[in-house]
2 protein chains.
Amino acid sequence: MGRSRITARDVAAAAGVSQPTVSRVFADNARVDPATRDRVMRAAGDLGYRPNRLARAMSRGRSHTVGLIVAGLDNPFYADAVDRFSRALQARGYHAVIVTASNDAADLDGQVRDILAMQVDGLILASVSIDNALARAASQAGVPLVLFNRGQHGTDLPTVTSANHDGGRRAAHLLVDRGHRRIAHVSGWQGSATGVDRQRGFLDGMADRGVAPLACIDSRYDRDRARRAVHDLFGADVTPDAIFAGNDLIAFAVLSALRHDLGLSVPRDVSVLGYDDVAMAAWPEFDLTTFRQPAGRMVDATIGMLMDLIDGRPVPDRLTEIRSDLIERGSVRAAP
Amino acid sequence: MGRSRITARDVAAAAGVSQPTVSRVFADNARVDPATRDRVMRAAGDLGYRPNRLARAMSRGRSHTVGLIVAGLDNPFYADAVDRFSRALQARGYHAVIVTASNDAADLDGQVRDILAMQVDGLILASVSIDNALARAASQAGVPLVLFNRGQHGTDLPTVTSANHDGGRRAAHLLVDRGHRRIAHVSGWQGSATGVDRQRGFLDGMADRGVAPLACIDSRYDRDRARRAVHDLFGADVTPDAIFAGNDLIAFAVLSALRHDLGLSVPRDVSVLGYDDVAMAAWPEFDLTTFRQPAGRMVDATIGMLMDLIDGRPVPDRLTEIRSDLIERGSVRAAP
DNA sequence: GAGGTCTGTGAATACGTATTCACAAGGCGG
DNA sequence: CCGCCTTGTGAATACGTATTCACAGACCTC
């Protein structure tokens, strides 16, 4: 097991040049005699040399590495996002160091400081919010960060989300316009900006139409909690005829509870509306009407913003909100 | 934006000691006077110093970083595995550099060499198989690797999988024992060891019982292909009364096709058996009987094996197969 | 043909930490 | 009181690359 890595010095010796010349050949920005370059490239090929990225990072002060901190990988939306992030970064010569976090702020602090010690060039926080102390630590270290789909109220940290408030509002409009009057919201976690914004949008949208919402129940993005919420809703005197769910996974849980626990039919008895448009939403078991968060566009915007920050380019907008389009399937009834 | 990272030298100056002493305090294996240690720790705390992990890696020849190459993040089983891997590695002071790969060998080669240049201490290949040239490149670089759930026939690379052949065989036994005689297999990709082993096990299990399999169709882990396979099966003269699916995702596609395209009832008309036991299998829409691949145990075994290899400890078994237990739910009919 | 610019390369050094080596101070046994 | 061992620390150096600086030679201009 040869820990005998080939170094630029080895290549230099083989090609009859000095180590800096090898470095210049691989740097691509310095002028090298074509004949010399050929010799070096041939020697490098023969020896199987690849520049040590750690050493390069040390020397240039750029690791070409980005920290990707994500919670909720059990949600296919975020699994998909991680997939896209990693590909997008690779395409730009970067690599992602992945850290899976809980929503526990104490853990997160250590994890972020740990990953900052790895000299990442940037930080993406997906589905995770951070406090000001942490944001300051990152900015003090000169490491830019972008929040993905989990804005932070009361800060001006660069953020990419879908237009959650707008989506929530349009959800309310849609359900009212389809003739529903007893509309409940099984919301996302009210400790997350995503959950809060969608709920506020929903409430504003209801107010727009002059209809009082039946109830808002926090599911905390938990399937069991969502199921119990449905049971509670249907145990009351006035029962909903439509449910707006905080995201698709919640909507699936709501569908299960309605159909399998309560024996109700969707959308005949109750309409269900989701948010995200994960792949499963199109499966015939769910056939979920939902607002699509365009993961591809959101990831591209995030990467673009991060790269601008890393390279010191001005960032047009610190807050990018991408509109969610309604994907109409079969879980919300047609207009009466 | 201060690129002005605090270095050990700064801490040394503040504490009135030399840089190596600071290094010793943080190394934890060298003897330092308690009073000195206190002064250094205090200074480090005041300045917010954390050792630069890149420099540490350069100096020690250990990056405490592992490459995690994964395909199929759209399968919740692998999303869950990534989550577990990242947590398990963090718990041991390691970090994961994630690379999402397709099953295209040409891409993979570049990606692996790229990540080797990052001086990772080890490599985990999840749901990805590699050719011998690549394995040699890694071993030549002195970087151990472990295959997770995608063994490689004809090599002796360290591998952790579930007991796929055994599982396939028991799948056949179960279906025959439940009175089925027209059993089809909508298999996983026959370019993957996982898919091949489960199918071979299935065929051997059928032979054990003296029942001829109705058909084996390669779904390539693709939902549409699986759906077409079901259509084909039910377009033939003899139609199946049970289907063993290559994994849970395939089983879900099969269920959709049976119920929504063909109007059949499960398990009354057809039994469906899966493999993996992803979380969704327990949802009432699917209620899937399946073999559980214990992700936690498999990940632990993988990490354990990799750490042994990294630290130069002898590895008890290069091939770890973890038995899959049957999780009986409602998609396979009871004994007649 | 002298002075100037341009091109290509090597020597030296920086990046931040860990480690080896040397050394001073202190404790101890004889 | 001398030699020896132990303990704690600093000076020097290594890890592998990128970059700065200096310099040699080629080429050009007037």
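The chains referred to below are lettered A, B, ... by the order of the sequence lines, with proteins before strands, and numbering in each begins at 1.
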Fill in: Listed partners of A:Asp83 passing salt bridge (charged side-chain N to carboxylate O under 4.0 Å, His left out), at least two apart
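Checked A:Asp83 against salt bridge (charged side-chain N to carboxylate O under 4.0 Å, His left out); matches are A:Arg87.
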
Item to complete: Would you please name every residue forming a salt bridge (charged side-chain N to carboxylate O under 4.0 Å, His left out) with A:Arg92, sequence neighbours left out?
Response: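 Expected list: none.
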
Length of the line joining [X]:[atom1] and [N]:[atom2], which is rounded to integer Å:
X       : N      : atom1 : atom2 : value
B:Arg9  : C:dA18 : CZ    : P     : 13 Å
B:Arg56 : D:dA14 : CZ    : C1'   : 17 Å
A:Leu54 : C:dG16 : CG    : C1'   : 12 Å
B:Asn52 : C:dG16 : CG    : C1'   : 6 Å
A:Met58 : C:dT13 : CE    : P     : 17 Å
A:Arg5  : D:dG16 : CZ    : C1'   : 11 Å
A:Ile6  : D:dT17 : CD1   : P     : 10 Å
B:Phe26 : C:dG16 : CZ    : P     : 16 Å

Provide a list of protein-nucleic acid N or O atom pairs under 3.5 angstrom, restricted to nucleotides 5-8 of chain D.
unit_1: D:dG8; atom_1: OP2; unit_2: B:Arg31; atom_2: NE; d: 3.4

Worksheet item: B:Ser86 and B:Leu89: side-chain contact (heavy atoms from CB on, under 4.5 Å), yes or no, with the steps?
Response: CA-CA 5 Å; B:Ser86 117; B:Leu89 288 168; 5.9 Å; no

Worksheet item: Between the side chains of A:Ser23 and A:Gln19, does any donor sit under 3.5 Å from an acceptor?
Response: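 There is no such pair (donor and acceptor under 3.5 Å, judged by atom type) between the side chains of A:Ser23 and A:Gln19.
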
Minimum heavy-atom separation for [X] and [Y], please, with both atom names.
X        : Y        : result
B:Ala79  : B:Leu73  : CA-CD2, 3.7 Å
A:Ser63  : B:Leu54  : CB-CD2, 4.2 Å
B:Phe26  : B:Arg56  : O-NH2, 3.8 Å
B:Pro294 : B:Ile322 : CG-CG2, 3.5 Å
A:Gln111 : A:Ala101 : OE1-CB, 3.6 Å
A:Val120 : A:Val143 : O-CG2, 3.6 Å

Item to complete: Flag the pair B:Arg5 and B:Asp10 as a salt bridge only when some basic side-chain nitrogen lies within less than 4.0 angstrom of an acidic carboxylate oxygen.
Response: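 Answer for the salt bridge query: no.
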
Practice prompt. Could you list all the side chain to side chain donor-acceptor pair (under 3.5 Å) pairs where at least one residue sits in residues 299-319 of chain B, not counting sequence neighbours?
Written response: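 As it turns out, the side chain to side chain donor-acceptor pair (under 3.5 Å) pairs with a partner in residues 299-319 of chain B, which skip direct neighbours, are B:Asp308-B:Arg313, B:Asp311-B:Arg313.
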
Practice prompt. Residues of residues 38-51 of chain B with any non-hydrogen atom less than 4.0 angstrom from an atom of DNA chain C: list those, numerically ordered, please.
Written response: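 Contacting residues: B:Tyr49, B:Pro51.
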
Worksheet entry | Sub-4.0 Å heavy-atom contacts from residues 12-22 of chain B onto DNA chain C, ordered by number |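 Contacts with DNA chain C under 4.0 Å: B:Gln19, B:Pro20.
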
Worksheet item: Which pairs count as ring pair (Phe, Tyr, Trp, His ring centres under 6.0 Å) when at least one residue sits in residues 61-80 of chain A, sequence neighbours excluded?
Response: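 Sorted pair list: A:His64-A:Tyr94.
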
Worksheet item: With sequence neighbours left out, which residue pairs that include part of residues 38-49 of chain B fulfil the salt bridge (Lys or Arg N to Asp or Glu O under 4.0 Å) condition?
Response: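 Checked against salt bridge (Lys or Arg N to Asp or Glu O under 4.0 Å) - neighbours excluded - no pair reaches residues 38-49 of chain B.
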
Worksheet item: Under 4.0 angstrom, heavy atoms only, what part of the nucleic acid is B:Ser23 near: base, sugar-phosphate, or nothing?
Response: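 Counting heavy atoms under 4.0 Å across all strands, the contact made by B:Ser23 includes a base.
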
Worksheet item: How would you label the contact of B:Ala27 with the nucleic acid (heavy atoms, under 4.0 Å): base, sugar-phosphate, or nothing?
Response: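 The residue B:Ala27 makes no contact with any strand.
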
Discussion item. If the condition is ring-ring contact (aromatic ring centres under 6.0 Å, His included), which residues does B:Tyr221 pass it with, not counting sequence neighbours?
Written reply: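 Partners of B:Tyr221 under the ring-ring contact (aromatic ring centres under 6.0 Å, His included) test: none.
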
Discussion item. With each end axis built from five pairs of C1' atoms, what bend angle do you get for the helix from C:dG1-D:dC30 to C:dG30-D:dC1? Round to 10°.
Written reply: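 Axis-to-axis angle, ends of the helix: 50°.
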
Worksheet item: side-chain hydrogen bond (donor to acceptor under 3.5 Å, both in side chains) with B:Asn52: which residues, sequence neighbours excluded?
Response: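 In terms of side-chain hydrogen bond (donor to acceptor under 3.5 Å, both in side chains), with neighbours along the sequence ignored, B:Asn52 is linked to no residue.
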
Filtered N/O pairs between nucleotides 21-27 of chain C and protein, under 3.5 Å:
none

